[in-house]
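Just follow the structure's listing: the first ligand is 1, and inside any ligand the first atom is 1. Residues: numbered from 1 along the sequence shown.
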Amino acid sequence: MSSFLMQQDSTSAIASAVQLLSARRLIVKIGSALIADADTGEIRGPWLETLIEDVVRFVARGQQVIIVTSGAVAVGSRRFVQLDRRPETGEKQAAAAIGQVQLMHAYEQSLKRRGFGVGQLLLTGEDIDNQHRCLNARSTLQQLLKVGAVPIVNENDATATVEICFGDNDRLAARVAHMVDADVLILLSNVDGLFTEDPHDNPFARLVTEVRCINPEIEAMAGHSAARHSSGGMVTKLMAARIAMDAGCEMVIANGNKSYPLAAIENGGPSTWFIPFKDKASRDACANSLSQN
Ligand code: GLU
């Protein structure tokens, strides 16, 4: 196993707490499998309350939090036609349009109960590629943070066809992190993090707690998620990690399924941290290890 990765040890709990505590600006990405019940497609209200309590706790101690949430398609599909086949893109877009309203309503109500407003941004990759639109989005996010409203971002599924097919919210979240110079990107998913092998196939698969270089060894560990409401899987999470690391932003993948998912990371729950290069020497060491493969 290469020196660029670590497995769970006693220091990781303290490190996770320090990394989260010292972040000035955080992006929290919520996967569909967390926000929507896998069987009914209903929003998991009690779980959402605990997530928002965590978010509010971060804000109360002076940190800025931007939420990137999936789930519109999963939630909207429930109200849509009962299909006995995979929905087509147009049907998914209609489901997203329905589900997005319910999703925002749930976030808004939960934050309102705690005295916070929300602001919604629906973005596509093209919005971020376009310098003018990207600057506008950044300015909107900064203004929302300034007035104490919690920004909530999702893909604009109604206009984006590539994103909705590939489950791109992981990458979108990383690009938002880059856009606003976030310190930490938290990807809450239904997996504990990156494993040496697929833990469903191999009970001896080990959790990797820290990655400092995404090399072929790491890429080989990323399997494909089969979760019903999770379109991204570990492959898009690694893509997101590359974007975040290049932007100097730390990224953590953790299982958000339990209550108070952010507190769980702080308390040293299972997770995989991706640490950006601190200096040119570590960047070169990673590049060298890639060229040797
Ligand atoms: N934007 C889609 C939704 O809200 C999900 C895409 C993804 O999970 O990355 O359902």
Side-chain angles (χ1 to χ4, degrees), residues 27-44 47-48 51 66-81 83 86-108 118-128 137 150-179 185-191 222-244 251 253-257 261:
I27 312 293
V28 180
K29 187 261 171 177
I30 318 295
S32 298
L34 300 180
I35 192 85
D37 183 277
D39 297 321
T40 64
E42 295 275 355
I43 291 176
R44 295 174 64 216
W47 173 84
L48 181 62
L51 168 77
I66 295 173
I67 295 175
V68 175
T69 186
S70 298
V73 173
V75 171
S77 297
R78 170 176 68 100
R79 300 272 171 93
F80 208 57
V81 282
L83 299 172
R86 284 177 75 84
E88 287 161 11
T89 300
E91 292 164 333
K92 274 185 168 179
Q93 287 173 311
I98 296 167
Q100 182 64 25
V101 180
Q102 295 166 43
L103 207 53
M104 280 310 292
H105 181 71
Y107 279 106
E108 187 192 31
V118 296
Q120 172 187 261
L121 274 85
L122 296 178
L123 297 174
T124 63
E126 286 170 6
D127 290 326
I128 298 175
V150 177
I152 303 193
V153 180
N154 194 359
E155 295 159 356
N156 191 346
D157 293 320
T159 63
T161 48
V162 176
E163 281 84 351
I164 206 167
C165 293
F166 293 107
D168 223 6
N169 262 11
D170 294 328
R171 268 188 289 177
L172 180 73
R175 298 188 74 188
V176 170
H178 183 195
M179 186 201 285
L185 164 62
I186 302 172
L187 296 187
L188 291 179
S189 178
N190 56 355
V191 290
H224 296 271
S225 167
R228 188 172 152 203
H229 287 311
S230 173
S231 46
M234 199 49 74
V235 173
T236 60
K237 287 176 179 49
L238 282 197
M239 291 175 181
R242 274 207 178 87
I243 297 168
M251 187 184 106
I253 302 171
N255 194 333
N257 210 17

### Task
Taking only heavy atoms of Glu155 into account, list the atoms of ligand 1 that are under 4.0 Å away from them.
1 (N), 2 (C), 6 (C), 9 (O)

#### Entry: Trp47 side-chain N/O to Pro261 backbone N/O, donor-acceptor pair under 3.5 Å
no

### Query
For ligand 1, which part of Asp157 has a heavy atom less than 4.0 Å away: the side chain, the backbone, both, or neither?
side chain

### Task
First locate atom CD of Gln120, then atom CG of Leu103, and finally report the distance between them rounded to the nearest 0.5 Å.
9.0 Å

### Task
Report yes or no: does Asp157 contribute a side-chain atom to a donor-acceptor pair with the main-chain N or O of Ala97 at less than 3.5 Å?
no

### Query
Heavy-atom contact under 4.0 Å between Gly71 and ligand 1?
yes

### Task
With sequence neighbours left out, write down each residue that passes side-chain hydrogen bond (donor to acceptor under 3.5 Å, both in side chains) with Asn257, or none if nothing qualifies.
Arg44

### Query
Can you find an N or O of Asn154 that's nearer than 3.5 Å to an N or O of ligand 1?
yes

### Query
Is there a donor-acceptor pair closer than 3.5 Å between any side-chain N or O of Gln100 and the backbone N or O of Ala72?
no

### Message
If I apply the N/O under 3.5 Å rule, does Ala74 come out as touching ligand 1?
### Response
no

### Message
Are the side chains of Ile243 and Arg175 in contact, using a 4.5 Å heavy-atom criterion?
### Response
yes

### Query
ligand 1 versus Thr236, non-hydrogen atoms closer than 4.0 Å: side chain, backbone, both, neither?
neither

### Query
Between Asn169 and ligand 1, is there a nitrogen or oxygen pair with a distance under 3.5 Å?
yes

## Note on the structure
If we number the atoms of ligand 1 from 1 as shown, the ones under 4.0 Å from a heavy atom of Ser70 are 4 (O), 5 (C), 7 (C), 8 (O), 9 (O)

